[in-house]
Amino acid sequence: MASIRRTLSPYQDRSHQNGGNVSPFSVNSPSHKLNSTSRFALGVRRFIGGFLLGLAPFGEFEDVRTPDFSFEVNRPPILDVKEDIVVDKVELAVVKRENVKERFDYVARKQVIVVTPTYNRALQAYYLNRLGQVLRLVPPPVLWIVVEMNVASTETADILRGMGIMYRHLVCTKNLTNIKDRGVHQRNTALEHIEHHKLDGIVYFADDDNIYSLELFETLRDISRFGTWPVAMLAQSKNKAVLEGPVCNGSHVIGWHTNEKSKKLRRFHVDMSGFAFNSTILWDPKRWQKPISPSIRQLDTIKEGFQETTFIEQLVEDESQMEGTPFGCSKILNWHLHLEAREVGYPRGWLLQKNLDAVLPIE
């Protein structure tokens, strides 16, 4: 018979072990009398455990995992919507003050590349400052390329730095045989810079002594390939104004304004400040289905007054590739006045040696 050993029992009488006369499970057992309370608690626990086990659901596994509680939830009725739902346009806004909103719009704009040849003369600072103040009002991005001959002057550099717009100050080192070709070589220096760095934007030649409206620079961004417009010019006699540029039907160029007999042989009657073009024509001719050809430059071997038309002939084939701007070419956007000061000395510096000096020293 197997024996049961209770090593932790507090009762010291072990006569019931190994065939003793008294069974430890009998009612008269001393251990039964001492542990009756513990056994009663054990029985209660067993009863409660069996009761809870009896409440546990029995059946298939799927019923236990996904019981149907539809009797507890009031589900909304299903609507059959047949009409289209239109959502109003969503606008981004920044709330600055209560009930006051400011729209936050982003507009992608083409870069305007303004090329300005300049040289030392009495009114140079005035001209550069006047043009720079107009460019400051043009929404960015605007790149102002200013080209000087032989050396970059400190005075011009100071003006550009203080203007607060993006600029590049270039120097043309071409040896000139004729001073009239100065502007041609300066513009070519800018064209080489644009082509070498593959600058993307609308290129416009803006001489510093012309007068420009702000609207002109805003319309430049509407140009796709080549744009042109009429320019008002003060005649050499200074007693009348003439027009030079396109005659348009909408945005289509159908003719030209011209008043000088000597210029009637020109293919395109445009002033240097009366056209602009896409810079990619210079460095990406395949985009415009143009054959790969030598670099597009202005020519110094051409008679004065024909530089514009010979240069434009390298950009477009005919009027069908031009865009008249503004619509109908009905506005004058800039003036070419020929008001250069004569016999006026150029100051040797912009700083007075003495505070009481009333007159700048001149050369």
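Remember, predicted model here, so these are calculated numbers, not experimental data.
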Interatomic distance, L191 atom CG to H196 atom NE2 [nearest 0.5 angstrom]: 14.5 Å
Residues I202, Q111; criterion side chain to side chain contact (heavy atoms under 4.5 Å, CB included); working and verdict: CA-CA 6 Å; I202 303 299; Q111 180 173 236; over 6 Å; no
For the student: nearest non-hydrogen atoms of P230 and L243, plus distance: CB-CD2, 4.5 Å
pair V114-L135: side-chain heavy atoms closer than 4.5 Å: yes
Name of the residue among T280, I145, D200, L143 meeting side-chain contact (heavy atoms from CB on, under 4.5 Å) with I194: I145
Least distance between heavy atoms, T228 atom then G274 atom: OG1-O, 3.0 Å
Any E192 side-chain heavy atom under 4.5 Å of R297 side chain: yes
Any residue meeting side-chain hydrogen bond (donor to acceptor under 3.5 Å, both in side chains) with W283, in chain and number order, not counting sequence neighbours: none
Interatomic spacing from CH2 in W229 to CG in L216 - rounded to 0.5 Å: 5.0 Å
Contact check, side chains of I165 and M163, non-hydrogen atoms, under 4.5 Å: yes
Which residues share a salt bridge (Lys or Arg N to Asp or Glu O under 4.0 Å) with D181, sequence neighbours left out: none
In one Ile/Leu/Val/Met/Phe/Trp/Tyr side-chain cluster, 4.5 Å: V253, V231: no
Nearest-0.5 Å distance, CG of residue L214 to CG of residue L333: 10.5 Å
Salt bridge (Lys or Arg N to Asp or Glu O under 4.0 Å) partners for E319, two or more places apart: R267
Side-chain touch I312/F275, heavy atoms, less than 4.5 angstrom: yes
Same apolar cluster (I L V M F W Y, side chains within < 4.5 Å links), V171/L176: no
Polar side-chain atom of R109 near backbone of P140 as donor-acceptor pair, under 3.5 Å: yes
Spatial distance of atom CD (E323) from atom CG (D222) [nearest 0.5 Å]: 9.0 Å
Chi angles and distances behind the side chain to side chain contact (heavy atoms under 4.5 Å, CB included) call for V184, Q307: CA-CA 8 Å; V184 172; Q307 287 91 352; 4.0 Å; yes
Which residues share a side-chain hydrogen bond (donor to acceptor under 3.5 Å, both in side chains) with D300, sequence neighbours left out: H185
side-chain hydrogen bond (donor to acceptor under 3.5 Å, both in side chains) involving T118 - partner list, sequence neighbours excluded: Q124, D208
Derivation of the side chain to side chain contact (heavy atoms under 4.5 Å, CB included) call for N129 and I159: CA-CA 7 Å; N129 275 286; I159 293 175; 3.8 Å; yes
Heavy-atom pair of closest approach, residues V138 and R221: CG1-NH1, 4.0 Å
Joint cluster assignment, I113 & F226, ILVMFWY side-chain distance < 4.5 Å: yes
Derivation and outcome, side chain to side chain contact (heavy atoms under 4.5 Å, CB included), residues V115 and Y204: CA-CA 6 Å; V115 176; Y204 177 53; over 6 Å; no
Between T156 and E148, a side-chain donor and acceptor under 3.5 Å: yes
cation_pi(R121, Y119) dist<6.0 Å, angle<=45: yes
Short side-chain to backbone donor-acceptor contact, R130 and N210, under 3.5 Å: yes
Residues, nucleotides or ligands: over 12 heavy atoms within 6.0 Å of K174 NZ: no
Nearest heavy-atom neighbours spanning Q321 and E317: OE1-N, 2.9 Å
Straight-line distance of I179 CD1 to R182 CZ, nearest 0.5 Å: 4.5 Å
Side chains of M322 and V316 in contact at under 4.5 Å (non-hydrogen atoms): yes
Donor-acceptor contact present, side-chain T309 to main-chain F268, <3.5 Å: yes
N/O donor-acceptor pair under 3.5 Å between T173 side chain and N150 backbone: no
Sidechain-backbone polar pair: T325 side chain, G227 backbone, donor-acceptor under 3.5 Å: no
Side-chain touch K290/I281, heavy atoms, less than 4.5 angstrom: yes
ILVMFWY cluster, L137 and L160 together (side-chain gap under 4.5 Å): yes
Under 3.5 Å donor-acceptor, S251 side chain and G324 backbone: no
Side-chain heavy-atom pair L337, I211 within 4.5 angstrom cut-off: yes
Partners meeting ring pair (Phe, Tyr, Trp, His ring centres under 6.0 Å) with W144 (sequence neighbours left out): none
Ion pair R161/D158, N-O distance below 4.0 Å: yes
Closest non-hydrogen atom pair, H269 against W256: O-CE3, 3.4 Å
Between CZ on residue F327 and SG on residue C248, distance to nearest 0.5 Å: 9.5 Å
Under the ring pair (Phe, Tyr, Trp, His ring centres under 6.0 Å) test, residues paired with Y167 that sit two or more places apart: none
side-chain hydrogen bond (donor to acceptor under 3.5 Å, both in side chains) involving K331 - partner list, sequence neighbours excluded: E215
Sequence-distant partners of H197, ring pair (Phe, Tyr, Trp, His ring centres under 6.0 Å), two or more places apart: H193
M233 reachable from L131 in the ILVMFWY side-chain graph, under 4.5 Å edges: yes
Any residue meeting side chain to side chain contact (heavy atoms under 4.5 Å, CB included) with P117, in chain and number order, not counting sequence neighbours: Q186, R187, D207
Minimum heavy-atom distance W288-D284, with the two atoms named: CD1-O, 3.7 Å
Results of ring pair (Phe, Tyr, Trp, His ring centres under 6.0 Å) for H257 - residues two or more places apart only: none
Under 3.5 Å: donor-acceptor pair, side chain of N334, backbone of S273: yes
Proximity of F277 and F311 rings by center, below 6.0 Å: yes
Heavy-atom donor-acceptor pair, R225 side chain to L315 backbone, under 3.5 Å: yes
Set of salt bridge (Lys or Arg N to Asp or Glu O under 4.0 Å) partners for K110, sequence neighbours left out: none
